[in-house]
Asker: 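This is the structure I want to talk about, given as structure tokens.
Numbers for residues simply follow the sequence, beginning at 1. Values in this document were obtained by computation on a predicted structure and should not be read as measured data. Counting convention: from 1, in listed order, for ligands and their atoms alike.
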Amino acid sequence: MTAEIIDGKAFAASVRARVAARVADLPRDSIVPGLAVILVGDDPASQVYVRNKRRQTIEAGMRSEEVRLGGDTPEAELLAHIARLNADPTIHGILVQLPLPAQIDTLRVLDAVDPAKDVDGFHVTNVGRLATGQPAMVPCTPLGCLMLLRDRLGSLAGREAVVVGRSNIVGKPMAQLLLRENCTVTVAHSRTADLADVCRRAEILVAAVGRPRLIRGDWIRPGATVMDVGINRVEEDGAARLVGDVDFESAVEVAGAITPVPGGVGPMTIACLLANTLTAYCRLHGLPVAAELAGA
Ligand code: GUN
């Protein structure tokens with residue numbers, strides 16, 4: 001058996017097209033949705049992400065504001081920018097690109113963003129809202145995985161799901177989303193005993209540990225749906241390559257469906273950022289929210 005390879009690139013394009021269509025439908029005299037992205041320092045990977053975010057924001061018909069700050073920026077200066085953007089009625093989404101330099105307290109910064117504009121879903125209010133089943137801004141990468149899973153499987157209720165990784169950005173919110181979908185959820189991590197056996201239980205396996213090709217084909221239940229969130233740069237035969245947390249070559253022989261790296265979950269993240277910006281805009285302006293774009 002060979003797994004279906006889930007085309008996240010095509011699905012992300014369809015999400016962006018739905019967002020763009022909704023933006024184009026807004027009344028002519030209304031302000032367009034605005035997304036502000038703050039980048040502190042010059043991390044090369046972050047610079048690429050921020051550039052892509054800006055391009056896709058503009059392509060969706062939204063306004064993009066970029067704030068670039070030096071790597072030695074004091075926390076107070078960053079907080080002042082966030083306060084200004086919180087108060088700006090032309091800005092509906094605020095994203096602080098992570099990681100932040102060491103002199104800055106990341107959790108304090110994330111909690112300074114107005115929860116209504118928190119398109120990353122990292123503010124403690126949105127984390128709590130998601131955990132208690134209230135309307136929340138849902139973190140982009142888990143939201144992207146949820147859309148792909150629903151598209152392939154329909155209802156997720158009653159399914160055995162294993163999330164490998166417990167980060168605040170992916171693992172924990174992914175587990176909350178799958179619980180909300182009535183899955184039976186196990187969160188595994190680097191200290192889990194018999195990780196291979198735990199993975200073999202999964203009808204839905206989400207890999208988000210940041211370890212290249214950790215999860216091999218013989219860890220996967222036949223027919224499982226595999227979401228590979230990992231983006232790991234490795235040197236092979238003198239060339240740089242991107243690989244996931246799943247060993248694709250062996251997994252594709254066992255899984256029912258799998259996301260490739262690149263071209264799987266990755267493109268969904270920015271598409272969901274645009275969807276979240278639209279959701280924030282609609283909530284702030286009292287307009288109906290597109291449920292399937294908000295992960296509701
Ligand atoms: N850095 C890596 N992933 C993310 C993300 O989803 N949001 C932000 N803000 N920074 C990141």
Asker: Pick out which of Leu85, Val50, Leu100 makes a side-chain contact (heavy atoms from CB on, under 4.5 Å) with Ile38.
Answerer: Leu85

Asker: Test question: given the 4.5 Å side-chain rule for I, L, V, M, F, W and Y, name all other residues clustered with Val252, or answer none.
Answerer: Ile5, Val162, Val164, Leu195, Val198, Leu205, Val209, Leu214, Ile215, Trp219, Ile220, Val226, Val246, Phe248, Val254, Ile258

Asker: List the steps, then state whether side-chain contact (heavy atoms from CB on, under 4.5 Å) holds for Leu39 with Glu66.
Answerer: CA-CA 8 Å; Leu39 176 60; Glu66 221 172 83; over 6 Å; no

Asker: Where the side chain of Asp111 meets the backbone of Val124, is there a donor-acceptor pair that is under 3.5 Å apart?
Answerer: yes

Asker: For Arg221 and Arg201, indicate whether the former's side chain and the latter's backbone hold a donor-acceptor pair under 3.5 Å.
Answerer: yes

Asker: Using every non-hydrogen atom in the two residues, find where Met174 and Leu149 come nearest and quote the distance to one decimal.
Answerer: CE-CD1, 4.5 Å

Asker: Put together the list of close N/O pairs, under 3.5 Å, between ligand 1 and the protein, could you?
Answerer:
unit_1	atom_1	unit_2	atom_2	d
ligand 1	1 (N)	Gln97	NE2	3.3
ligand 1	1 (N)	Leu98	O	3.0
ligand 1	7 (N)	Asp120	OD1	3.1
ligand 1	7 (N)	Asp120	OD2	3.3
ligand 1	9 (N)	Val96	O	2.8
ligand 1	9 (N)	Asp120	OD2	2.5
ligand 1	10 (N)	Leu98	N	3.0

